[in-house]
Each structure stands twice: as C-alpha cells, then as structure tokens.
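All remarks here apply to the structure that follows.
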There are 2 protein chains.
Amino acid sequence: MRNSLADVVAAALRVLGEHGLEFCSMRRVAAELGVQPSALYHHVPDKQTLLALMADEIVRGVGIGIGDPRRLCVDLRRALLAVRDGADVVATAAAFRLGASEIEDRLAALVGADGARTLLLYTFGHAQSTQTRLQALAFGVLADPAPSASPTPLGATVSPGSPADAEAELDASYGRGLDIILAGLRASSALGTMEDSGLR
Amino acid sequence: MRNSLADVVAAALRVLGEHGLEFCSMRRVAAELGVQPSALYHHVPDKQTLLALMADEIVRGVGIGIGDPRRLCVDLRRALLAVRDGADVVATAAAFRLGASEIEDRLAALVGADGARTLLLYTFGHAQSTQTRLQALAFGVLADPAPSASPTPLGATVSPGSPADAEAELDASYGRGLDIILAGLRASSALGTMEDSGLR
DNA sequence: ACCTGAACACCGTTCAAGT
DNA sequence: ACCTGAACACCGTTCAAGT
C-alpha cells in the first residue's frame with residue numbers, strides 16, 4: 001500500500017494550513033502526496049467528505065474532561081483558530097452534520113439542546129469572523145490609515161489600535177458574547193423553562 | 001448603454017434563486033444577461049464584490065422602523081431565508097464588512113455592540129443551518145427512513161416528524177435561542193454592565 | 001488495494017480590440 | 001460606455017487501464 005486515508009487527510013490539513021481553504025483543492029492535495037488527482041478518489045468519494053474528515057480532525061479531543069460549558073466553548077474556539085480557515089471548514093461541515101457531533105451532545109447535557117445550539121452557532125460565527133478579520137489585517141486590506149470616520153468593526157467596541165492586539169480584543173469580544181448567552185441560560189433555567197444543570 | 005450594474009446584480013440574484021450559490025458563477029450570470037463573461041468586469045471588479053452587492057440587496061429594507069431588537073432579528077432572518085442560499089451570501093459578505101452594516105448599527109443602538117454582534121452571529125448561523133438542512137431535506141439526503149437510532153439534528157429537540165413541519169420547528173428553535181440571548185442581555189444590563197435601553 | 005493517464009465539463013480573470 | 005473573442009491557469013470528477 002502507498003497512501004492511507006489518514007495520509008490523505010493529513011496532507012489536506014497541511015495544504016489548508018499553508019495555503020488556506022481557497023487553495024485547498026483536490027489537485028493540490030494530490031500534488032502534496034506526489035500522486036495524480038484521480039488517486040484521491042480511491043480513498044474518498046468526493047471533496048465534501050474530505051472536508052468533513054478534516055473538520056473531525058480539527059476538533060478532535062476538544063473539551064475532553066471539561067464539565068464547564070464556558071470552558072468547553074473556549075476550548076472549541078481555540079481548536080478552530082489553531083489552523084488556518086479552521087472555523088470555516090468546521091462550520092461548513094457542521095451545517096450538514098448538525099447534531100451528529102459529540103461536542104454538541106456534551107454541551108446539550110450541560111445546558112440543554114437550545115443552549116448548546118446557541119452557544120455553538122455563536123462560537124462558529126465569531127471564530128469565522130475572527131479568522132477572516134485577522135487574515136484581512138495581515139494582508140493589509142483593512143489597513144485603514146484614515147482614523148477619522150472609520151466604521152466600528154463587528155467585535156471591536158473601540159478603534160482597532162495596533163494590529164498586534166486586535167487578536168486580544170477579538171478574544172475579549174468573544175468572551176463578552178459568551179457571557180451574555182450564559183447569563184441568558186441562567187435566567188431561563190431560573191424560570192424553570194430549561195433543564196437546569198451545570199450552570200452553578 | 002446595454003446593461004447597468006443594477007442589471008448585473010439583478011441577474012445574479014435570479015441565477016442564485018434558480019440554481020443556488022454553488023452554480024452562481026460569473027459565466028452563468030453573463031449567460032443570464034446574454035453577454036460574454038468578460039463583459040461583467042466592466043461593471044464589477046471581481047466576483048466577491050458582486051456577492052457583496054447581492055448581499056446588500058437581500059437585506060435591503062430589513063427592520064425599517066422596527067425599534068424592538070427581537071422583531072428586528074426575526075425580520076432579518078425572514079429576509080435571509082427569502083432567497084435560496086441567502087444566509088450564506090449575506091454571512092460571507094458580512095464577515096468582510098462586519099460593522100459596516102446599517103442593521104448592526106441599529107441593533108447596537110438598542111442592545112449595545114456586544115449584544116448586536118451576538119444576535120447577528122446567532123441569526124446568520126441559524127439561518128445558514130436552516131437553509132442547508134431544508135435543502136438537504138428537499139433532496140432526500142436526510143430522508144432517514146430508519147427511525148431507530150437517528151442522531152438528534154441540531155435545532156430539533158425531538159424527531160423531525162413529517163418533512164413539512166420541519167420548517168416550523170426550525171422557526172421555533174430560532175426563537176428559543178433568540179430568547180436566551182435577549183434574557184442574557186436583560187440580565188447583563190440589570191447588572192449595569194451594558195448601556196440599558198430597548199430591553200423593556 | 002492503490003495508482004496512472006487522459007479526458008469532460010466546467011471555473012475566475014485578463015486583455016486587446018471592436019462600436 | 002459597454003461589449004466581443006480569445007486566451008491563461010486553473011477546478012472536481014470519471015473511467016479505463018495498469019501493478
């Protein structure tokens with residue numbers, strides 16, 4: 001045997017990390033393996049399936065042994081941001097396989113199905129926004145050298161300041177939104193609407 | 001003159017509605033106008049810009065004269081779901097132009113910047129999930145004729161039941177998540193953390 | 001089991017040239 | 001101002017054939 005399915009997924013993640021989702025084509029993954037494009041179809045039925053396997057790998061081991069919903073979300077976000085365009089890959093795959101994820105089940109056990117869904121969608125959306133924004137910043141697309149009437153970016157309450165601490169502000173922004181949702185879950189469970197658990 | 005920018009955007013929205021985002025290529029939009037692909041580049045610098053203009057059109061007029069954050073979100077969701085793949089188009093464009101949207105500004109005036117961001121990301125994410133899911137249902141991909149150990153779909157607390165009322169359950173699912181976030185905003189503003197307004 | 005080689009039906013974008 | 005025609009450098013996927 002020459003390449004296994006795991007080799008293909010690993011190569012795809014390498015291409016993703018080095019070139020981004022836009023250039024993570026079947027042909028480039030094949031080239032990364034030193035193989036013809038058609039060879040990939042021996043391991044995987046189509047590109048969508050390969051992306052789903054990559055998503056599984058990206059979130060593998062997230063929140064193991066974490067019983068606190070807030071820390072679980074923060075850990076998921078960390079995993080999404082750890083690889084280039086990771087949030088996009090996982091969010092797209094999750095849109096098809098929603099409910100099939102282990103993370104959602106664990107979150108649902110802590111805060112209920114509605115709370116889990118709300119937390120996950122928020123976490124995916126914010127992580128996607130974060131990666132898009134940081135990448136644009138790195139490319140200088142959002143250089144914004146006119147500090148006069150700059151529109152307030154989503155997630156930044158004040159002006160972005162130096163490019164380096166934009167990430168810190170995005171982290172804080174995520175945390176504040178997370179706290180809003182968790183406060184809402186506490187309020188709802190206090191009203192007896194939800195199964196109350198894990199919200200101390 | 002033969003075609004205006006507005007004609008191009010209108011044609012693109014027609015292609016989107018009839019064939020979906022996957023097949024909404026520059027070449028197909030050109031064919032819809034009876035024109036060569038290269039002709040589009042007289043009106044628009046690239047495809048990304050065209051998608052952004054389509055997004056603007058999809059959300060145009062959303063929440064006009066609506067002072068209640070909940071109704072504003074519901075109205076936005078209605079607009080996203082009104083056109084095929086509308087949530088995808090708007091969410092992708094919004095990821096680049098976050099904060100530049102009028103809707104976000106209006107929402108921010110009602111519930112603060114953090115609340116606005118949280119509500120928007122949740123609304124985009126849930127609408128994307130809804131459209132993906134309903135389309136898969138229509139194609140029979142999620143036919144799921146084995147009612148035994150079916151995994152619980154994200155957004156469905158119970159089994160999907162008949163295909164027709166899946167949409168109603170998704171609407172209700174969206175509403176419950178929305179109420180969680182709004183309850184969190186009320187709790188936070190009661191703590192004096194947020195500027196309190198519009199949350200009665 | 002894993003891969004090659006060749007093909008099919010597409011993409012986005014550029015650019016000289018036409019009217 | 002708006003468009004054509006032709007080209008460039010790509011896509012995902014299929015399929016017979018090789019080892």
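What's counted below: heavy atoms across the whole structure, side chains too, no hydrogens, waters or symmetry copies.
Residue B/His43 has no polar side-chain atom (N or O) positioned under 4.0 Å from OP1 or OP2 of D/dA1.
Checked against side-chain hydrogen bond (donor to acceptor under 3.5 Å, both in side chains), A/Arg28 has no partners two or more places apart in sequence or in another chain. With sequence neighbours excluded, the residues satisfying side-chain contact (heavy atoms from CB on, under 4.5 Å) with A/Ala10 are A/Arg14. With sequence neighbours left out, B/Asp56 forms a salt bridge (Lys or Arg N to Asp or Glu O under 4.0 Å) with B/Arg97. Legend: residues meeting salt bridge (Lys or Arg N to Asp or Glu O under 4.0 Å) with B/Arg71, ordered by chain and number and at least two apart, are absent. Under the salt bridge (Lys or Arg N to Asp or Glu O under 4.0 Å) criterion, B/Arg27 pairs with no residue at all, not counting sequence neighbours. Residues forming a side-chain hydrogen bond (donor to acceptor under 3.5 Å, both in side chains) with B/Glu57 (at least two apart in sequence, or on another chain): B/Arg60.
Look at CG on A/Leu5: it is 10 Å from P on C/dC2, rounded to the nearest Å. In this structure, B/Leu40 atom CG and D/dC3 atom P are separated by 9 Å, rounded to whole Å.
Pairs engaging residues 15-24 of chain A under the side chain to side chain donor-acceptor pair (under 3.5 Å) rule: none recorded [sequence neighbours left out]. Residue pairs meeting the side chain to side chain donor-acceptor pair (under 3.5 Å) criterion with at least one partner in residues 78-94 of chain A, sequence neighbours excluded, are A/Asp75-A/Arg78, A/Asp88-A/Gln128.
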Pairs under 3.5 angstrom only: tabulate donor-acceptor contacts from the side chains of residues 34-42 of chain A to other protein residues two or more places apart or in another chain.
none

Per-nucleotide protein contact along nucleotides 8-19 of chain D, 5' to 3', at a 4.0 Å heavy-atom cut-off (B base, S sugar-phosphate only, - neither), is ---BBBBB----
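If you check residues 10-22 of chain A against DNA chain D, you find no residue with a heavy atom closer than 4.0 Å.
A continuous path of ILVMFWY side-chain contacts below 4.5 Å connects A/Ile66 to A/Leu182, so both sit in one hydrophobic cluster.
In summary, the side chains of A/Arg117 and B/Tyr122 do present a donor paired with an acceptor at a separation below 3.5 Å, with no hydrogens or angles considered.
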When Watson-Crick pairs (N1 to N3 and N6-O4 or O6-N4) and G-U wobble pairs (N1-O2 and O6-N3) count only below 3.5 Å on both distances, what is the dot-bracket string of DNA chain D, with | for other-strand pairs? ||.|||||...|||||.||
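With both ends at atom P, the span from D/dC10 to C/dA9 equals 22 Å, rounded to whole Å.
In this structure, of C/dG5, D/dA1, C/dC2, it is C/dC2 that holds the atom nearest to the side chain of A/His42.
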